[in-house]
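Since the structure comes first, as structure tokens, the remarks are kept for the end.
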Amino acid sequence: MNKEDRLFIGFTGDVMIGRLVNSQIKNSNHSYVWGNVLPLLQSTDLNIINLETALTRSHDLALKTFNFKADPEHISVLTKARIDAVNLANNHVLDYGVAGLWDTIKMLQMAGVKYAGAGENSAAAARPAIFTKCNIRIGLLGFTDNEPGWQATADTPGINYVSVGDTEKIKKDIESVREMVDLLIVSIHWGPNMRERPNTRFVDFAHFMIDGGVDIIYGHSAHIFQGIEWYNGKLIMYDTGDFVDDYKVTPAFRNDLSFFFVCEVDKKEIKGLKLFPVLISNCQVNLATGADYKWAISHMQILCSQFDTEVMENGEVLH
């Protein structure tokens, strides 16, 4: 896929490799979870995920309903798929306390995987991941509106928390990196579960971010995908759903279906977006086929109609 000064970026829904997925990895191999999507992941120039699992052996369990952790050595699950960067601003990175966060960051650093959205204090949590691929300089900021109690402060570790509508915080973080990069991506873990459509507050906040200098908004959290909007030539993926997990499937919402989102960019503009429908089953993601493929595409077409975005049967998103 590589072309000089042109970049293909892969985005996935939430990646949760803890619990039963962690056990499956132990019983198979570190490529198992990616199924037949692995060659596609390996064909892009850059891959970015939301990592919904602490990589730790900590037993400092946070008092919450669901806690996810994977064995630290399972960092190689990410490197097998050429994951270049992860968002850590979410409601699971501190499931096993600050020790779990430190372990996760240590493993990412050792593997050369960049991260954004969490750190030793508020400045570190707001710090962008910056890298250059195909002669294009990219910045990644991570945010979440989940778990306000985990918010990093000036002298305590945590996540880069932002409430939807907090334009002052988001504007400051965007301005801190905008002039340093050709392409600015915001990865944001926001909103309630199983919501098919973003409400006006989320749409307005997304537009504010784009108007402030963001090129791509990469949303996640709902466990199901939402519509896609082209806004002033920029890309908003309101929610990318799930990609790897062991979750119970809700038939009405089909949270086992989503996409691998591949965005083509150059230094000046976003050239296009292609969707590859995927299906989660037995702690593994594979390319969707038959009725599953058709359902994913047709449902995305319905959701995108809210934004006058046209999705072709082959997954191409017109703009």
Side-chain angles (χ1 to χ4, degrees), residues 14-15 46-58 60 62 64 67-70 72 75 78-79 83-133 137-164 166-181 183-190 209 212-221:
D14 291 343
V15 173
L46 179 70
N47 290 315
I48 301 174
I49 69 168
N50 175 59
L51 180 62
E52 279 225 304
T53 315
L55 300 170
T56 184
R57 287 190 172 86
S58 167
D60 185 12
K64 56 201 296 282
N67 300 73
F68 302 142
K69 70 175 178 179
I75 182 66
L78 304 189
T79 56
I83 304 302
D84 296 271
V86 305
N87 174 64
L88 294 181
N90 58 54
N91 57 316
H92 289 289
V93 72
L94 281 157
D95 276 359
Y96 288 85
V98 172
L101 172 62
W102 292 152
D103 289 343
T104 303
I105 289 175
K106 177 183 176 182
M107 297 311 299
L108 292 168
Q109 290 174 335
M110 289 176 60
V113 178
K114 295 185 180 291
Y115 64 92
E120 65 266 24
N121 52 41
S122 53
R127 189 178 300 137
I130 297 179
F131 35 92
T132 301
K133 286 285 183 88
R137 192 164 173 81
I138 303 116
L140 173 69
L141 288 167
F143 299 94
T144 183
D145 72 344
N146 288 209
E147 298 292 349
W150 290 358
Q151 181 175 7
T153 69
D155 53 11
T156 60
I159 56 176
N160 194 28
Y161 174 84
V162 64
S163 60
V164 172
D166 186 353
T167 54
E168 183 177 344
K169 157 70 175 170
I170 212 91
K171 182 174 184 289
K172 177 183 175 183
D173 286 4
I174 292 169
E175 288 178 346
S176 72
V177 64
R178 178 61 268 185
E179 296 306 314
M180 301 165 57
V181 297
L183 182 80
L184 180 56
I185 301 168
V186 160
S187 178
I188 184 163
H189 201 68
W190 59 349
M209 287 188 271
V214 174
D215 298 294
I216 298 174
I217 295 175
Y218 162 42
H220 31 82
S221 183

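Predicted, not measured: the structure shown is a model, and the values here were computed from it. All residue numbers refer to positions in the sequence shown, counting from 1.
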Residue set satisfying side chain to side chain contact (heavy atoms under 4.5 Å, CB included) with Ala124, at least two apart, ordered chain then number -> Glu120, Asn121, Arg127

Sorted by chain and residue number, the ring pair (Phe, Tyr, Trp, His ring centres under 6.0 Å) partners of Tyr161 (sequence neighbours excluded) come out as none

When rounded to the nearest 0.5 angstrom, what is the spacing between CG in Leu141 and CD1 in Ile185?
-> 10.0 Å

For Ala62 and Asn67, work out which heavy atoms get closest and say how close.
-> O-ND2, 3.1 Å

Close side-chain approach of Glu147 and Ile159, heavy atoms under 4.5 Å | yes

May I ask you to say whether Asp215 pairs ionically with Arg178, meaning some side-chain N is under 4.0 Å from a carboxylate O?
-> yes

Verdict with reasoning, Glu52 to His220, per side chain to side chain contact (heavy atoms under 4.5 Å, CB included) | CA-CA 11 Å; Glu52 279 225 304; His220 31 82; over 6 Å; no

Of all heavy-atom pairs linking Ala116 and Ala129, the shortest is CB-N, 4.2 Å

Can you name the nearest heavy-atom pair linking Asn160 to Ala89, along with the distance?
-> O-CB, 4.2 Å

Counting only pairs under 3.5 Å, give me each side-chain donor-acceptor contact of residues 100-109, with atom names and distances, residues two or more places apart or in other chains.
| unit_1 | atom_1 | unit_2 | atom_2 | d |
| --- | --- | --- | --- | --- |
| Asp103 | OD2 | Thr56 | OG1 | 2.6 |
| Thr104 | OG1 | Leu55 | N | 2.9 |
| Thr104 | OG1 | Gly100 | O | 2.7 |
| Gln109 | NE2 | Tyr115 | OH | 3.4 |

If every non-hydrogen atom of Asp173 is compared with every non-hydrogen atom of Phe143, which pair is closest and at what distance?
-> OD2-CE2, 3.2 Å

Quickly, which of Ile49, Leu46, Ile75, Val15 forms a side chain to side chain contact (heavy atoms under 4.5 Å, CB included) with Ile83? Name it, please.
-> Ile49

Under the side chain to side chain contact (heavy atoms under 4.5 Å, CB included) rule, collect the residues that match up with Thr153, sequence neighbours excluded.
-> Asp155, Thr156

Salt bridge Lys69-Asp95, side-chain N to carboxylate O under 4.0 Å = no

Mind checking side chain to side chain contact (heavy atoms under 4.5 Å, CB included) for Arg137 and listing every partner two or more places apart, or none if nothing turns up?
-> Ile130, Thr132, Val181, Asp182

Between OG on residue Ser187 and CD1 on residue Ile216, distance to nearest 0.5 Å | 11.5 Å

For Ile138 and Lys133, the nearest pair of non-hydrogen atoms, with its separation, is CD1-N, 4.1 Å

With respect to His189, which candidate in Asn91, Asn87, Asn90, Asp145 satisfies the side-chain hydrogen bond (donor to acceptor under 3.5 Å, both in side chains) definition?
-> Asn91

Less than 4.5 Å apart, any side-chain heavy atom of Asn50 and any of Tyr218?
-> yes

Looking at residues at least two apart in the chain, or sitting in another chain, which of them share a side chain to side chain contact (heavy atoms under 4.5 Å, CB included) with Ala85?
-> Ile48, Lys114, Phe131, Leu140

